[in-house]
Amino acid sequence: VGDEQPALPPELEARIAALESTASSTDFEAWGWFWMVLFGIVLPGALIALGW
Amino acid sequence: VSVSEPAAASADESAWPLLPSERTWGAARLTLTLATTAAATWCYLIGESVGSYLGFVRGSMALTAGCFIGMLLVLLAAGPACVRFGIDSVAATKPQFGTRGWVVPAVLQAVSIIGWNSLLIIFFAKSAVQLAVALGLLAPAAGGGARVPLLTLFACAVIFTALRRGATGVSLVSNILFAHVFVGLWMLYLIVSHRWPELVAARPALAAPQPLWNYTTGVELGIGTTLSWWPYIGAMIRMAPNGRTVVLPVMLGMCLPVPLLSLIGLAGVLVLKTSDPSQWLRTVGGPTYAVVSLAFVTAANFGTTTAGIYASAVGLRNFQALQRRSWTTLLLFTIMPVACVGIFIPELFFAKFGNFLALIGVAFAPLCGIQIMDYFVLRRRRLDVRAMYTQGPAQPYSFWGGVNPAALAALAAGCATYVLLLNPISYRSSSWYPHLTASLPAAASAALVYFLASSLVMRAGRGGYRRGAYRRGAYRHGADRRGANRNPQQAAHERQNAT
């Protein structure tokens, strides 16, 4: 897995620094949550109820 | 320090975070790639399994519902870290398992993908041989057993060549092979339109006396199927720029084709007693249809194997020993086991490895439960990307020696819950299983054990958690009353780097 790593490789350091500087790092937005609830909860719930 | 151009060009061949400028896949490209990845021979096998317990209509509904539930779990588990930082599924487990403990999910991923790829490449070679014979390119008997190993070698060589271009190679193969998804839907239309009365009247061969057990098993098969996308999903969705671009392609591109194409196997086994479309299409439409079907099966397995080997190679890149190896070496390292299985022990692997893959699959539900609990409840959606790649005793995700015992205990508890509820090989089940499924309680129990064990981890000041993080509003109001008791270095690190 690797030993103690005192410093990150410059390339990785640059990537992380770039990501840290972009404060708008978010996961899912409102529409994403809407589709997840629709397809992941509402639709399966309806299908299970209908099929049963 | 800036990211050099050559490094940026090959960023998708590393396990390091991708920058927004490197994440260029739009929704259409992601949908197409995910759909090509999802559609493979396993769809018929899943359909066949469901058709053993349920009729066509109820089986379709149970399987589709289960697939969407499983897909939601996978997206909630691996999705947030992957879309925020452009990392793969394995790297996304570092906040839960630790800067060394992530090896456990990495091994699960590697064994699962390499195992499935080996099976699919054997399916590919067998169907390619049948296709060549049907087209008159090969004589029915000449060559004997050497054909499957030779075609396996050929397929591995083509996949290796395509993947020399990294994620672009996966996308390229998907662009070429995507049409097979529509061929699959056409095959489904054929059997449904030709045999509808027989389909609705057909009775499943192995149905249990308890209808609820049969129905739950249909749902469980769907959940288990899409949970097995966990190893694949990160390497694909990290190529998309944000969460908005990811959700619909995953739900409609990666999830929906699985139940739809599984209906081919479900219908086939109910009406014609075989889930293999190349056999029943000959019955329905003659030899021409059989050739189309064989071409479909061949293309489907090839696309999935290509995506799988890419995802596996990116996952292995997390190992420090492989970080500095060339992409070509890493690809060879990933393809070699698949090629060796297909060339030397295809029949033995075919007969014996399915059970092992079923056992490995048990771990993905608990893994999802752990990740969801950690990200949404314990960390309140805060992750430290620097800590994922930094080792050392004072680092947030180092826990104890780089391993989080809470995650290991939760994983073990989740797997035990699954096996107690349902034996994945014999399908012997407990009395609770028909009411609960097995995957959902496994995920829930793992999440609960992780939550409880993490309270001890927090009390010890490990893991980069903020004290009382799971209490409502703790982050929103900046309440960290006992922050002074934390390791000062860790606290400073969190302040600077939490994103």
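Hydrogens, waters and symmetry mates play no part in the numbers below; they use all other heavy atoms, side chains included. Order of the sequence lines sets the chain letters (A, B, ...), proteins ahead of strands, with each chain counted from 1. Since the model is a prediction, treat every value here as computed from it, not as a measurement.
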For [X] against [Y], the heavy-atom pair lying closest together:
X	Y	answer
B/Y389	A/L8	O-CD2, 3.1 Å
B/R84	A/T26	CG-O, 3.1 Å
A/F39	B/L248	CE1-CD2, 3.6 Å

Evaluation steps, side chain to side chain contact (heavy atoms under 4.5 Å, CB included), between B/F85 and A/I16: CA-CA 9 Å; B/F85 304 121; A/I16 290 174; over 6 Å; no
Residue A/L43 versus chain B: region with a heavy atom under 4.5 Å: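 For A/L43, side-chain heavy atoms alone lie under 4.5 Å from chain B.
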Region of A/W31 in contact with chain B, defined by heavy-atom distances below 4.5 Å: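 Contact with chain B: none, neither part.
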Note, [X] side chain near [Y] side chain (heavy atom, < 4.5 Å):
X	Y	value
B/R381	A/D27	yes
A/W52	B/R58	yes
B/W16	A/E11	yes
B/V247	A/F34	no

Listed partners of B/N242 passing side chain to side chain donor-acceptor pair (under 3.5 Å), at least two apart: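 Side chain to side chain donor-acceptor pair (under 3.5 Å) check on B/N242 returns B/T245.
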Would you list the atom pairs, donor with acceptor, under 3.5 Å between side chains in residues 59-73 of chain B and any protein atom, with sequence neighbours excluded?
unit_1 : atom_1 : unit_2 : atom_2 : d
B/S60  : OG     : B/F56  : O      : 2.4
B/T64  : OG1    : B/S60  : O      : 2.6

B/L212 versus chain A, the contacting section by heavy-atom distance below 4.5 Å: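 Contact with chain A: backbone and side chain both.
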Options A/A30, A/G32, A/P44, ranked by heavy-atom pairs under 4.5 Å with chain B, top entry: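 Option with the greatest count: A/P44.
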Out of [options], which one racks up the most heavy-atom pairs below 4.5 Å with chain A?
options	answer
B/G86, B/C255, B/P80	B/P80
B/L54, B/L75, B/L18	B/L75
B/L322, B/V57, B/V246, B/L252	B/L252

Under 3.5 Å: donor-acceptor pair, side chain of A/R15, backbone of B/P17: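 Yes, because the side chain of A/R15 sits within donor-acceptor range (under 3.5 Å) of the backbone of B/P17.
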Chain A neighbours within residues 216-226 of chain B, where any heavy atom lies under 4.5 Å away: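 Under the 4.5 Å heavy-atom cut-off, B/V219 qualify.
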CZ on B/R386 to CD on A/E20, rounded to 0.5 Å: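 So the gap between those two atoms works out to 4.0 Å.
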Partners passing ring-ring contact (aromatic ring centres under 6.0 Å, His included) against B/W400 (at least two apart in sequence or in another chain):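 Result, ring-ring contact (aromatic ring centres under 6.0 Å, His included) vs B/W400: none returned.
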